[in-house]
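First comes the structure, then the notes that go with it.
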Amino acid sequence: MRKQIAAANWKMNLTVDKAEALLNDILSAQINLSEDQLAVFAVPFPYLQMAQQKLNNTNNFFIAAQNCYSKKSGAITGEVSVEMLQSLGIKYVVLGHSERREFFEESNKFLAEKLNIALEYNITPVFCCGEPLSIRDAQTQNEFVAKQLEESLFHFSKDDIQKIVIAYEPIWAIGTGKTATSEQAQEMHAHLRKVLADNFGKDVADNISILYGGSVKASNAKEIFSQPDVDGGLVGGASLVADEFITIIKSLK
Ligand code: 13P
């Protein structure tokens, strides 16, 4: 059965004291998750070790990096490798976020290389896809996201593709307060699952968690997560507020 996941993406926010206090507040809520429910915190690199140590004895709570490089090690100043993440016990990495695609020109092909090395090191990638507003306005979003999947994911085996979590994040809904409606989210998630089923088979597609991201908050999480093909969310702004994110975690189905 596929996992239901509430993933926080802190992006480039919080100082170390605030980050620690936020994790303390969320952990002290003692949220009980079932075996197929997870909470994941994608924290900035400097806080990985602190956050990882804090979550060490908690079931179903995991720390993620927000990025990694496509090579194991070497003379690449300023980058962080999967080998480093693995040495800290990190189990998840966010790849292909629209902000990395836009500000750092990360292509589908480059992301395929990062996905490869993450799996090689047993780190679960949360692979982000999603269309800009111009594509949504032209109603070509289905083709756009299918191409993102095709160019970054279709080379994987049936076994390996099931180790990847997908996050659909329409760019027009990120940080804008303008959420996709639950119908729009369900429509796209069903499309993504069909694209995966056509290439890898229905059984495989049914095992892949597909998260929704873009202005998810405490007040809309339950409605969005209740959609049959939505398996939780990737949350930016609302994940920085303990009470908001606690409610979002509790909204998992
Ligand atoms: P917001 O929840 O702030 O819209 O951000 C979504 C996002 O980009 C998560 O990765």
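Every number for a ligand or one of its atoms is a count from 1 in the order of the listing.
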- Distance-only side-chain donor-acceptor flag, N122 / K163, under 3.5 Å: no

Checklist entry - Is the shortest distance from a heavy atom of K11 to ligand 1 less than 4.0 Å? => result yes

Within the 4.0 Å heavy-atom cut-off, what N9 brings close to ligand 1 is side chain

Checklist entry - Purely on distance, is any nitrogen or oxygen of T176 under 3.5 Å from one on ligand 1? => result no

Are L252 and I248 connected into the same hydrophobic cluster when the rule is that any two of I, L, V, M, F, W, Y join if their side-chain heavy atoms are below 4.5 Å apart? yes

Counting from 1 in the order shown, the ligand 1 atoms closer than 4.0 Å to a non-hydrogen atom of G175 are 1 (P), 3 (O), 4 (O)

Note to self: Side chains of D231 and H189 only: does a donor on one sit below 3.5 Å from an acceptor on the other?
What the structure shows: no

d(F144 CZ, I135 CD1) to nearest 0.5 Å is 5.5 Å

A student checking ligand 1 against G214 at a 4.0 Å heavy-atom cut-off should list atoms 4 (O), 6 (C)

Which of E131, M188, Q141 passes side chain to side chain contact (heavy atoms under 4.5 Å, CB included) with P170? It is E131

Which of E151, E143, E150 passes salt bridge (charged side-chain N to carboxylate O under 4.0 Å, His left out) with K147? It is E151

Note: E169, heavy atoms under 4.0 Å from ligand 1, region reported as side chain

Residue, atom and distance of the protein heavy atom nearest atom 2 (O) of ligand 1 read G236 N, 2.8 Å

In ligand 1, the atoms that come under 4.0 Å of a heavy atom of A173 are 4 (O)

Contact region, C128 to ligand 1, non-hydrogen atoms below 4.0 Å, reads neither

Worksheet item: Between E106 and K114, does at least one N-O distance fall below 4.0 Å, as a salt bridge requires?
Response: yes

Are any of the heavy atoms in G213 under 4.0 Å away from ligand 1?
-> no

* To do: Could you tell me whether S215 and ligand 1 have an N or O pair separated by under 3.5 Å?
  => yes

Within 4.0 Å of some non-hydrogen atom of G237, the atoms of ligand 1 are 1 (P), 2 (O), 3 (O)

Salt-bridge contact K194-D229 (side-chain N to carboxylate O under 4.0 Å): no

